[in-house]
Amino acid sequence: MAKRKIIAALAAMAIGFTVLAGCSTERPVGTPTTDPTEAAGGGLIGITMPTKSLERWNNDGAELDRLLKEAGYQTQLDYADNKPEEQVKQLENQINSGAKVLVIASIESKALLPTLQKAADAGIKILAYDRLLMDTPNVDYYATFDNEKVGTLQGTFLEEQLGLKEGKGPFSLEPFAGSPDDNNASLFFKGAWDILNPYVESGKLVVKSGKAPKTLADWTSIGILAWKTETAQSEMENRLNSFYGDSKVDAVLSPNDSLALGIAQALESKGYKVGSDWPLLTGQDADVANVKNILAGKQSMTVWKDTRELAKQAAKMVDQIIKGQTVDTNNNTYKNNNKTVPTYLLDPQTVVQDQVQTVLVDSGFISADKLK
Ligand code: BGC
């Protein structure tokens with residue numbers, strides 16, 4: 001199924017991009033052109049990604065850059081080191097260089113508002129990549145994975161593994177959430193908490209640290225700023241030191257792999273052993289270090305989002321925007337507090353230990369030698 005989807009997407013890209021084959025990608029940024037192929041496409045596309053420190057954004061950026069270049073566009077690919085003010089500078093630079101479309105995976109979308117206005121005033125189209133740009137009319141399209149489903153997959157995994165539906169328990173659970181400035185983090189949490197909270201309320205799941213948000217809106221109280229591994233590690237160590245004594249934690253809800261890495265380190269440092277008392281631990285992204293942890297029994301699952309598919313979809317949407325074609329969307333439920341943003345949603349998927357080879361390696365997402 002996944003293979004068929006990849007082949008279909010590749011074929012679609014090939015058709016879409018053949019007409020652009022042969023366009024120069026060497027023209028200096030911002031230089032006016034009389035290249036007749038420009039009418040069919042071409043021009044500068046700005047790509048801004050949050051940080052190089054997380055594996056997925058490196059993959060996303062490189063793949064999108066490659067696909068757009070292959071399709072005859074010039075690109076400017078920038079990483080902002082998780083600093084909102086740096087991202088503003090990069091976007092201003094892309095606008096001044098004459099970008100026709102900005103593809104933005106934002107850090108803190110609030111910080112971008114005046115810059116987005118400037119881009120819109122200059123007639124530049126804006127595609128929100130993976131993370132929605134909030135509180136602005138100046139976002140034209142959004143390409144992402146079904147973010148709430150990511151959380152649903154994590155919550156359902158814990159529910160099934162613990163046998164909660166069958167009435168088992170009580171078990172101890174420690175929940176974590178992502179960066180408070182990332183809209184995705186609220187959706188991941190909602191998806192998971194809708195499944196888990198009824199068990200917290202019935203006492204089948206016990207959050208010994210007390211760090212169970214009272215309401216969904218309160219999720220930021222357990223958010224880990226900038227999705228930092230070290231912060232998640234120290235938070236988990238504090239919870240284990242302060243609330244567990246001789247008892248053991250049974251399950252940890254981690255919204256993504258960078259947090260899961262820190263949580264696993266904290267468990268290790270507190271003497272937890274794989275196979276005897278290691279708790280269930282969720283994740284997201286299928287980062288290499290985490291897939292290694294899954295193979296070693298230190299992480300129970302990850303939610304895989306094939307970032308190659310997202311890059312393909314985004315490149316296709318950019319191409320359609322430039323050519324004035326109907327832009328491919330499949331969802332109209334994403335609201336950014338200002339408007340409903342036409343969205344293309346891709347499907348995330350749970351991966352557990354015995355699927356690492358068949359799903360992640362066989363699809364070429366991770367090469368086998370990286371897992372050695
Ligand atoms: C992305 C996740 C990622 C997280 C940290 C989120 O917006 O959707 O895939 O793990 O940011 O970078």
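For ligands, and for the atoms within them, numbers begin at 1 and follow the listed sequence. Heavy atoms only: backbone and side chains are in, while hydrogens, waters and symmetry mates are out.
Nearest to atom 4 (C) of ligand 1 among the protein's heavy atoms is Trp227 CE2, 3.6 Å. The protein heavy-atom contact nearest to atom 11 (O) of ligand 1 is Arg131 NH2, 2.8 Å.
Remark: of the listed residues Asn256, Asp130, Asp257, Asp130 is the sole one forming a side chain to side chain donor-acceptor pair (under 3.5 Å) with Arg56.
For the pair Arg131 and Tyr142, the NZ or CZ position fails the cation-pi test of under 6.0 Å to the six-membered ring centre and within 45 degrees of the ring normal.
Among Asp285, Val303, Ile107, the residue whose heavy atom lies nearest to atom 10 (O) of ligand 1 is Asp285.
Residue Trp57 touches ligand 1 through its side chain alone, judged by heavy-atom distances below 4.0 Å. With a heavy-atom cut-off of 4.0 Å, Asp130 touches ligand 1 through its side chain alone.
Residue pairs that meet the side-chain hydrogen bond (donor to acceptor under 3.5 Å, both in side chains) test with at least one member in residues 156-166, sequence neighbours left out, are Glu159-Tyr199.
Close approach of ligand 1 to Asn256 is summarised as follows: ligand atoms under 4.0 Å from at least one heavy atom of the residue are 3 (C), 4 (C), 5 (C), 10 (O). Residue-ligand proximity, Lys305 to ligand 1, at heavy-atom distances under 4.0 Å covers atoms 1 (C), 2 (C), 8 (O), 9 (O). Each of the following atoms of ligand 1 lies closer than 4.0 Å to a heavy atom of Leu54: 5 (C), 12 (O). The distance from ligand 1 to the heavy atoms of Asp182 drops below 4.0 Å at these ligand atoms: 6 (C), 7 (O), 11 (O).
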*Run the ring pair (Phe, Tyr, Trp, His ring centres under 6.0 Å) check on Tyr79 and Trp57 step by step: do they pass?*
CA-CA 9 Å; Tyr79 286 85; Trp57 302 116; 8.9 Å; no
N/O donor-acceptor pairs under 3.5 Å from side chains in residues 119-129, not counting sequence neighbours:
{"unit_1": "Asp121", "atom_1": "OD1", "unit_2": "Gln117", "atom_2": "NE2", "d": "3.0"}
{"unit_1": "Tyr129", "atom_1": "OH", "unit_2": "Asp60", "atom_2": "OD1", "d": "2.6"}

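The CG atom of Asp287 sits 9.5 Å away from the CD atom of Gln284 when rounded to the nearest 0.5 Å.
Side-chain atoms of Thr48 and Gln94, non-hydrogen and from C-beta on, do get closer than 4.5 Å to each other.
At least one heavy atom of Phe188 sits less than 4.0 Å from an atom of ligand 1.
Considering backbone and side-chain atoms together, Asn147 places no N or O closer than 3.5 Å to any N or O of ligand 1.
Here Lys273 does not pair with Glu268 in a salt bridge; the nearest charged N to carboxylate O distance is not below 4.0 Å.
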